[in-house]
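First the proteins, then the strands, lettered A, B, ... as listed; each starts at 1.
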Protein chains: 2
Amino acid sequence: MASGRTHRPATRSRGIPEATVARLPLYLRALTGLSERSVPTVSSEELAAAAGVNSAKLRKDFSYLGSYGTRGVGYDVEYLVYQISRELGLTQDWPVVIVGIGNLGAALANYGGFASRGFRVAALIDADPAMAGKQVAGIAVQHSDGLEKIISDNGVSIGVITTPPSVAQQVCDRLVAAGVTSILNFAPTVLSVPDGVDVRKVDLSIELQILAFHEQRKAGEEAALNEAAALAAPVGRADSTDQGPDGDVPAVMPA
Amino acid sequence: MASGRTHRPATRSRGIPEATVARLPLYLRALTGLSERSVPTVSSEELAAAAGVNSAKLRKDFSYLGSYGTRGVGYDVEYLVYQISRELGLTQDWPVVIVGIGNLGAALANYGGFASRGFRVAALIDADPAMAGKQVAGIAVQHSDGLEKIISDNGVSIGVITTPPSVAQQVCDRLVAAGVTSILNFAPTVLSVPDGVDVRKVDLSIELQILAFHEQRKAGEEAALNEAAALAAPVGRADSTDQGPDGDVPAVMPA
DNA sequence: ATGTCTTTGTGAACGCGTGCACAAAGATGG
DNA sequence: CCATCTTTGTGCACGCGTTCACAAAGACAT
């Protein structure tokens, strides 16, 4: 309606499927663990178990990167670490800015996993003048007036938004205008960005709601099971579309 | 290899596809916004735009819940809010515990979106004795010794893990043993849980790495484009499988 | 009451991701 | 050098999710 699109239609990057890209960091983490324990080689079966995926899936994923394994032996851990790191672009340094230094922003600034692999917190930015100059995770918070200059001076292309939702879009617009082309959004809002800008969303509330759904389903199944056992008769309406699995009193009545 | 599985094979809950469940919170948020602005009805087109999805997808999603729309008019906002809330299990109160009150745990405890929709922080738990008794987000932190009692006393079925990765699995095991059946894991580790327990993972580092991949790809394409323009000749090898998009010097050499 | 117009609900086609199962490849031992 | 054994790499089939396109359904005006 307004400006750009939000979810680019899965651009199948250079033949590497998006689903595979999403798993590469998982493999990399497992491999790093093996590397630290000086394990020289690993089979697809072992690595898959460590990463929590199917071994066939893992082999197919690696096949998109090329043939880096040795049949009858497995994969060379160090070599694979390097290959995946390079594929993910982690052999270079990515300066990132975090905008919105509340509880979450501060937590991210302190998060060790950030700096560990190719990412460097180039700046912390907040709109509150009282925050400016304060040290968070050893970095001085800067006022958002200087956002554009900070972005261009540091060559930042990745921005993290941890602001309240009400200002997230406008922060996003400024980041994009200043040259940021990848955004990690923690604000519970749908961001509109022009084509060519990637947005990934992390939404705590949504994750919990999905868990609640499954939790309710489990409770409902259990209840139905107990009920069926008590009545010694099958339920039989497991697929009706009217009521939920439980017959509790609604908390809100629709008009 | 050790105990249970990690990724249950997409259990197609009660006919509602997993992908649809993941979008329901999105619709709910958009609808809540409309509700607060007292908008009575909304078309699939408008709501889809607000939620950032395709309108056909939205209609199909809603069709799994039943026929709640009116042809020629659209959907009743209040009614839909209620139906989705009920479907997600948000009409009841879910007590959750947060284990690991570091920066991230504290940020989550303060996160408003938690309490807003059916979720209530029942307890904050930390292994550090120095943290015990401290107030975070108005709630006293309790020592992890009492974890099992806290879980059962409050009837907690959802646990959030924000501990260091080294202890995440053992915290997870204790949560599950105490009766928790849904876990939201922020620790960068693969958790093993028995069947019947749901785990969702939020991994900041992985999200950033995925962004870095696309960022690198964009930079590579741009470079290739510039190169091509400079040479005034087409590239032609856009799908070769050997090298990466850039021919830069490797930072690490494999054995 | 009837026709027109809007918007839903869904059948059908398509594409992506997953997992099986096996042939090819290489290591290893005799 | 040959046989055997392990493990990779992949062809293939299947199922889920997405999207198109349209018929059915209802509102609304006349």
- Query: Going by the side-chain hydrogen bond (donor to acceptor under 3.5 Å, both in side chains) test, which pairs reach into residues 159-168 of chain A, not counting sequence neighbours?
  - Reply: none
- Message: Roughly what angle, to 10°, lies between the helix axis at the start of the helix from dA1(C)-dT30(D) to dG30(C)-dC1(D) and the one at its end, five pairs per end?
- Response: 10°
- Item | Under 3.5 Å: donor-acceptor pair, side chain of Gln169(A), backbone of Ser192(A) | yes
- Message: Just the rounded figure in Å: distance from C1' of dG15(D) to CD of Glu18(B).
- Response: 15 Å
- Task: Identify, with sequence neighbours excluded, every residue that meets side-chain contact (heavy atoms from CB on, under 4.5 Å) alongside Pro188(B).
- Result: Arg29(A), Tyr111(A), Pro165(B), Asp203(B)
- Item | Distance, rounded to the nearest Å, where Asn54(A) contributes CG and dG17(C) contributes C1' | 12 Å
- Message: Quick check against the 3.5 Å criterion: does Asp76(B) have a side-chain atom that pairs as donor or acceptor with the backbone of Leu80(B)?
- Response: no
- Query: Does the ring center of Phe62(B) lie less than 6.0 Å from the ring center of Tyr68(B)?
  - Reply: no
Polar-atom pairs under 3.5 Å, protein N or O versus N or O of nucleotides 8-11 of chain D: list them with distances, or write none.
residue	atom	partner	partner atom	Å
dT8(D)	OP1	Ser44(A)	N	2.5
dT8(D)	OP2	Ser44(A)	OG	2.5
dT8(D)	O2	Arg71(A)	NH1	3.0
dG9(D)	OP1	Gly69(A)	N	3.1
dG9(D)	OP2	Tyr75(A)	OH	2.6
dG9(D)	O4'	Arg71(A)	NH2	2.9
dG9(D)	N7	Arg59(A)	NE	2.9
dG9(D)	O6	Arg59(A)	NH2	3.2
dG11(D)	O6	Lys60(A)	NZ	3.2

- Item | Residue Lys57(A), side-chain heavy atoms: nucleotide from dT18(C), dG17(C), dC20(C) that is nearest | dT18(C)
- Message: Has Lys201(A) got a side-chain atom pairing as donor or acceptor with Val190(A)'s backbone, closer than 3.5 angstrom?
- Response: no
- Task: Report the distance from atom CG of Leu58(B) to atom C1' of dT10(C), rounded to the nearest whole Å.
- Result: 14 Å
- Note on the structure: Those residues at least two apart in sequence (or on a different chain) that pass salt bridge (Lys or Arg N to Asp or Glu O under 4.0 Å) with Arg71(A) are none
- Query: Taking only residues two or more places apart in sequence or in another chain, which ones pass side-chain hydrogen bond (donor to acceptor under 3.5 Å, both in side chains) with Ser44(A)?
  - Reply: Arg59(A)
